[in-house]
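Please read the structure below before turning to the comments.
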Amino acid sequence: MLTKDFTYESESRTAYCCAEKLMGTRFEILLTDIEKRAAELLVDSLIEHISADDSLLNRFDPSSEVSRLNSALAASGRDLAFSEKMTKWCELAELYRAKTGGIFDVRYGGGYDFGGLAKGAELEWASETLRDRGIHNALLNFGGSSIVGLGHHPYGDSWTVDVPDPFSGRTLCTVRLCDSALSVSGNTPGYGGQIVDTQSGERVLSPRVVVVTALNPADAEVLSTALMAAQCGRREKLLAEFPGAEAQFFDNL
Amino acid sequence: MAETIDNGKRQFLKELGAGAALLAAMPWLKACSPEKTEAASQARGQARVALIGCGSRGQYHLTMLRDIAHARVVALCDPYEVNLRAAAAMVPDAKLFSDYRSLLEDRSIDGVIIATPLGSHARITLDALEAGKHVFCEKAMALTLDECKAVYEAYQRSPKALYYCMQRMYDPKYIEGIRKIREGLIGEVVGMRCHWFRNADWRRPVPDPSLERQINWRLYKEHSAGLMTELACHQLEICNWAADKIPVEVAGLGDIVYWKDGREVYDSVSLTYRYSDGRKITYESLISNKYNAMEDQILGKKGTADLTRGVYYLEEDDTVSGMKQLLAQMRDKTFGAIPAAGPSWRPELRNSYTPHPLIKGPQSVNGGQSMVSADHDGSDLILSAFCTSCITGEKVENVVEEAYCATVLCLLGNLAMDTKTVVTFPEEYKIPYMKF
């Protein structure tokens with residue numbers, strides 16, 4: 001069940017909200033220079049929208065559209081008819097599949113899995129919504145693996161985020177975000193192999209992390225997933241498809 | 001420079017904000033009150049003290065004594081000429097002795113500071129008290145349980161002051177840490193983890209093989225109780241403060257894993273001490289790897305106190321990511337990087353706890369690697385308090401009892417390791433001060 005923790009600090013006019021178990025993880029947002037009520041309404045509307053998409057895409061929820069699609073595929077090998085929203089998600093996924101030469105593929109493995117795209121896409125939508133509402137400085141963090149920084153920290157020229165080594169806790173790198181996004185893919189001690197090398201068909205199990213920055217959070221997430229899955233030789237080509245994106249590789253942690 | 005320790009004492013209680021409650025809970029601090037400190041600083045050179053045992057730790061005491069204005073070192077004693085000469089170079093006017101019994105006959109000495117190998121602590125302490133001297137002895141109290149009991153009982157009968165160098169009792173990080181723990185800072189205390197790791201063989205160069213057991217006394221059971229009394233002593237004391245109890249039993253295993261050089265004491269120990277309510281101290285020490293250095297962790301339901309570093313962490317900090325640290329930055333009008341990113345696919349993020357200082361201002365942190373000393377770890381203050389006792393004749397509260405408890409627990413730990421059994425705290429070594 002979704003739980004929300006909303007904190008407003010009136011002196012600094014800062015709002016922070018943390019929603020647990022949104023798309024299976026923690027969604028956090030920090031807004032600066034905003035009135036409390038406006039922040040509450042805004043945050044609620046963002047979470048409501050993402051929640052609705054979660055109901056569509058959550059493959060761990062048997063009542064979600066994606067679960068029903070996957071069950072039908074497993075049973076009959078055929079797709080059910082998509083809803084309009086699902087059609088749009090699939091179109092987006094197809095764009096990225098083509099862009100990555102098939103390395104990123106939500107259909108890999110016989111069912112639909114939007115796990116490497118959804119959070120980034122939601123952050124992209126949220127960023128646009130905030131800008132439309134006149135919010136130019138904010139930090140949004142979806143599960144630690146997808147982050148977007150609009151504008152900058154009130155006392156700095158960017159939002160600055162450390163990426164710790166999941167195996168040792170030491171900082172791997174520090175990323176400055178200013179109207180840009182960060183995505184981290186990798187294996188952690190105790191959880192790995194969720195990304196598959198689509199060329200070899202093998203699960204990527206080695207202790208490594210990829211850190212991607214891009215202008216667009218959906219690009220960042222797709223790219224970080226694809227770069228984890230891709231063999232070393234394809235990394236450069238992949239990056240070339242995403243102008244403005246950069247990647248740091250931490251292999252053999 | 002000579003005023004340093006007295007100035008330090010003046011600030012010490014003031015900065016702790018020590019009121020009646022703290023002094024009631026930690027009565028040994030009364031000697032550091034402003035009035036007593038002032039009186040002591042007027043009594044220049046009045047405490048005539050002697051050092052018995054002029055090795056590295058003894059010489060360290062001499063450097064501290066230089067800064068204790070109300071003390072004067074009038075005599076030095078060591079059967080090993082090399083050490084005696086080194087100490088004499090630091091205090092040229094001191095009388096020199098090779099036999100402590102002769103030194104004890106000197107009526108011009110008010111108090112003695114004992115920094116000899118552990119095996120001789122009890123004997124020299126008993127003789128010194130008998131000779132009417134105030135005594136400051138390095139920890140631990142004694143090599144055997146019976147010796148500990150003998151010293152404790154002699155002290156009950158003696159009018160003289162006795163101190164043990166349990167310096168954490170005078171270290172602000174520990175005092176403040178324990179105070180805050182008792183006030184509920186980290187919630188109910190549920191366990192303790194202490195360790196002390198070094199990577200050094202403990203062995204010192206020996207000019208002649210005949211001096212091996214004298215100079216490298218730490219390695220031999222006739223003089224030393226090994227890692228437990230040399231290292232664990234202080235840490236077990238802290239755990240008992242936090243638990244407000246003494247453990248009822250101990251189990252452990254000890255081995256010589258790496259330093260197979262003829263030594264008799266373990267170089268690797270791992271023990272569990274258990275309190276009557278099930279809380280436990282997990283204690284580890286080995287001296288062939290220093291990655292984990294030294295830590296004293298008191299574990300509470302709401303947080304963890306890392307007393308070595310003078311910081312505490314709250315459990316709630318880990319369930320909230322680095323993002324929430326931004327709120328603190330907004331409040332403080334600061335800008336910094338936050339640890340908020342990671343390849344997390346699960347709700348639980350691998351977050352970092354925010355360290356919160358236990359005391360304001362810069363803190364000395366003991367890395368635990370020196371065999372001799374650590375700056376500002378309370379040693380100077382307790383030594384100064386002893387020198388004050390040499391003038392006033394006042395006994396200090398609880399220090400002897402704390403040293404007794406800690407030493408006995410160390411020795412019981414050794415017994416548990418030697419016999420590979422769970423050792424229950426023996427009735428015959430219990431004292432009224434102990435709570436089980």
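In the text below, chain A, chain B and the rest are named by the order of the sequence lines, each starting its count at 1.
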Review point. Could you state the interatomic distance from CD (B:Gln329) to NE2 (A:His153), rounded to the nearest 0.5 Å?
Key: 4.0 Å
Review point. Taking B:Ile338 as the fixed residue, which of A:Thr160, A:Leu139, A:Leu30 is the one that meets the side chain to side chain contact (heavy atoms under 4.5 Å, CB included) rule?
Key: A:Leu139
Point to revise | Part of A:Ser158 within contact of chain B (heavy atom distance under 4.5 Å) | key: both
Review point. Do B:Met330 and A:Glu9 touch side chain to side chain, with heavy atoms closer than 4.5 Å?
Key: no
Revision key, fill the gap. Nearest heavy-atom contact between A:Asp162 and B:Ala337 is OD1-CB, 3.5 Å
Exercise for review: Assess whether atom OH of A:Tyr155 is packed by more than 12 heavy atoms of other residues, nucleotides or ligands within 6.0 Å.
Suggested key: yes
Practice item. Against chain B, work out which of A:Ser183, A:Ser12, A:Gly156, A:Ser224 has the most heavy-atom pairs shorter than 4.5 Å and name it. Key: A:Gly156
Practice item. Could you pull out the closest heavy-atom pair between A:Ile147 and B:Ala341, with the gap in Å? Key: CD1-CB, 3.7 Å
Exercise for review: Under 4.5 Å heavy-atom distance to chain B, tell me which part of A:Thr32 shows up: side chain, backbone, both or neither.
Suggested key: side chain
Review point. Just wondering, are more than 12 heavy atoms of other shown residues or ligands nearer than 6.0 Å to CZ in B:Arg274?
Key: yes
Exercise for review: Check the surroundings of atom NZ in A:Lys36: do more than 12 heavy atoms from other residues, nucleotides or ligands lie under 6.0 Å from it?
Suggested key: no
Revision key, fill the gap. Applying a strict 4.5 Å limit to non-hydrogen atoms, the region of A:Ile29 in contact with chain B is backbone
**Study point:** B:Met323 and A:Tyr16: CA distance, side-chain angles, deciding distance, side chain to side chain contact (heavy atoms under 4.5 Å, CB included) verdict
**Key:** CA-CA 8 Å; B:Met323 291 283 289; A:Tyr16 165 84; 3.8 Å; yes
